[in-house]
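First comes the structure, then the notes that go with it.
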Amino acid sequence: MLPSGPGTPIVKILFASESEKAQTWLPLLRQALPHDEIVEVPDKSVEIALVATPPAGTFQELGRPKLVQSLWMGVEKLVTDPMYPRGVPLARLVDPGMVAAMSETVLAHVLDWHRHLYQYRAHQRRREWRRIEQRMASDRTVGLLGLGELGAGAARRLLALGFNVAGWSRRPKDLPGVRCFTELSAMLEITDALVCLLPLTRETAGVLNARSFAAMRPGGCVINVARGAHLVARDLLGALDSGRLAHAYLDVLDPEPLPAGAALWAHPGITLTPHIAALTEPRTAVPRVAENVERVRRGETPANLVDFQAGY
Ligand code: NAP
């Protein structure tokens, strides 16, 4: 990548986010793009808008930027935002730090279930000294919903630990060591641990439902680290109460924050975390953002453009 410098055109860049901290991002952005103009107030001359939950009214203040660059990997809110400037390309962030964090979270939950740690924590609360029969990783199949950046990253780590790995995607895939499916039911019937790493679209909303849980091998777990609306909460409670599923790990909820009275908080079969499975890591994200700025400067197509038709 050719860095910007004297003589190269200056790009006017907007940083607009209610969720990402400007005091963390701006110094890193200014270091990576020292000759560009980085502003926090939108106006008609902005050429690239860097956004994650932008303040209300941001898009109305913009003219026609050359690119909207998301600072998150999931872009469903931008894709469905009626104020989004139609026809302006949207790039999502593919952040290596975030991919690594997600793989760690998936491994942590799969191992918690596989090694029965959630059960031993319950035994400890009852002062109960009791062993559960051990299984080998090769006895288990982890089924990944989504084989994109995050799904493929998690697959590599799971394979390295000796798990059987299967995955479901919209288009056919060929990933080393992974049994790849485009038909969901075919993957579910061999799945013990089901991990959701799908974008939220009209097609994927509610995919974690009673039908899916009934199609899995019994005694498994569900790990939702994608979006809360992928899960039908009532169906999950039913599958846990019937013993069909052993445990669920929910990082994303609908709505967020989860209301204090929600049944999911208190269910002994559920481990909840507050949408922290993978946070954007500005140190590894800024070089990717800067690369897209350079592409725009050179008049090239930005990386990781969103397909509005597909919704991700
Ligand atoms: P990605 O690279 O776009 O991959 C998405 C995968 O889902 C692709 O394999 C895609 O299939 C598949 N897919 C999409 N629609 C499908 C459908 N209708 N049927 C079957 N497969 C479908 O996305 P990513 O970067 O891996 O991120 C996935 C999601 O994770 C994000 O959208 C975001 O919501 C979530 N996320 C959560 C956190 C957190 O902290 N909890 C952090 C980051 C991201 P194709 O390969 O055929 O396109």
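Please read these numbers as outputs of a predicted model, since none were measured by experiment. For ligands, and for the atoms within them, numbers begin at 1 and follow the listed sequence.
- Looking only at protein heavy atoms, the nearest one to atom 47 (O) of ligand 1 is Arg171 N, 2.7 Å.
- Below 4.0 Å from some heavy atom of His275 lie the following atoms of ligand 1, by number and element: 39 (C), 40 (O), 41 (N).
- A side chain to side chain contact (heavy atoms under 4.5 Å, CB included) with Leu67 is found for exactly one of Leu305, Val293, Val11, namely Leu305.
- Listed by number with element, the atoms of ligand 1 under 4.0 angstrom from any heavy atom of Ala277 are 39 (C), 40 (O), 41 (N).
- Close approach of ligand 1 to Lys173 is summarised as follows: ligand atoms under 4.0 Å from at least one heavy atom of the residue are 45 (P), 46 (O), 47 (O).
- Nearest non-hydrogen protein atom to atom 4 (O) of ligand 1 is Gly148 CA, 3.1 Å.
- Using a 4.0 Å cut-off between heavy atoms, Val94 makes no contact with ligand 1 at all.
- Close contacts of ligand 1 with Asp251, meaning ligand atoms under 4.0 Å from a residue heavy atom, involve 39 (C), 40 (O), 41 (N).
- Looking only at heavy atoms of the protein, atom 27 (O) of ligand 1 is closest to Leu150 CD1, 3.3 Å.
- Protein heavy atom in closest approach to atom 37 (C) of ligand 1: Val225 O, 3.1 Å.
- Contacts classified as ring pair (Phe, Tyr, Trp, His ring centres under 6.0 Å) and involving residues 289-310 (residues at least two apart or in different chains) are given here: Tyr84-Phe308.
- Of all protein heavy atoms, the one lying nearest to atom 42 (C) of ligand 1 is Ala278 O, 3.4 Å.
- The local environment of CD in Gln309 is sparse, with at most 12 non-hydrogen atoms from other residues, nucleotides or ligands closer than 6.0 Å.
- The distance from ligand 1 to the heavy atoms of Glu203 drops below 4.0 Å at these ligand atoms: 18 (N).
- For Thr204, no nitrogen or oxygen atom sits less than 3.5 Å from a nitrogen or oxygen atom of ligand 1, counting backbone and side chain alike.
- Protein heavy atom nearest atom 21 (N) of ligand 1, with residue, atom name and distance: Arg170 N, 3.0 Å.
- With distances taken over non-hydrogen atoms, the option nearest atom 7 (O) of ligand 1 out of Gly167, Gly311, Pro199, Ser169 is Pro199.
- Atoms of ligand 1 lying under 4.0 Å from at least one heavy atom of Met98, given by number and element, are 42 (C), 43 (C).
- With respect to Asp112 and Arg121, a salt bridge is recorded, a charged nitrogen being found less than 4.0 Å from a carboxylate O.
- The closest donor-acceptor contact from the side chain of Asp139 to the backbone of Met136 lies under 3.5 Å.
- In this structure, Trp25 and Phe15 have tilted ring planes: the angle between them lies in the 30° to 60° band.
- The side chain to side chain contact (heavy atoms under 4.5 Å, CB included) test with Leu14 is passed by exactly one of Val68, Leu50, Leu62, Ile48: Leu62.
- What sits closest to atom 13 (N) of ligand 1 on the protein, heavy atoms only, is Leu198 CD2, 3.6 Å.
- At under 3.5 Å, not a single nitrogen or oxygen of Glu76, backbone or side chain, sits near a nitrogen or oxygen of ligand 1.
- Applying the side chain to side chain contact (heavy atoms under 4.5 Å, CB included) test between Val79 and each of Leu200, Asp307, Val306 identifies Val306 as the sole match.
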CA sep, side-chain torsions, deciding dist, call: His109, Thr271, side-chain hydrogen bond (donor to acceptor under 3.5 Å, both in side chains)
CA-CA 9 Å; His109 293 330; Thr271 299; over 6 Å; no
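- Counting heavy atoms from C-beta outward, Leu93 and Gln69 have side chains that approach closer than 4.5 Å.
- Side chain of Ser70 to main chain of Arg92: no donor-acceptor pair is present (N/O by atom type, distance under 3.5 Å, no hydrogens or angles).
- Remark: ligand 1 and Val252 share no N or O pair separated by less than 3.5 Å (distance only, no angle test).
- Minimum heavy-atom separation, Leu144 to Gly151: CD1-O, 3.4 Å.
- Looking at Trp72, Tyr312, Trp168, Phe181 and measuring to atom 48 (O) of ligand 1, the nearest heavy atom belongs to Tyr312.
- Residue Val75 has no N or O atom closer than 3.5 Å to an N or O atom of ligand 1.
- In this structure, Asn224 and Leu236 have side chains that are not in contact, with every pair of non-hydrogen atoms separated by 4.5 Å or more.
- The shortest N/O to N/O separation between Arg92 and ligand 1 falls below 3.5 Å.
- Between Glu203 and Leu198 the shortest side-chain heavy-atom distance does not fall below 4.5 Å.
- Close contacts between ligand 1 and Ala226 involve ligand atoms 34 (O), 35 (C), 37 (C) [criterion: under 4.0 Å to a heavy atom].
- When hydrogens are left out, the protein atom nearest atom 9 (O) of ligand 1 is Leu147 N, 2.9 Å; that is the closest non-hydrogen contact.
- Here the shortest heavy-atom distance to atom 35 (C) of ligand 1, taken over Lys77, Arg202, Arg227, Met73, belongs to Arg227.
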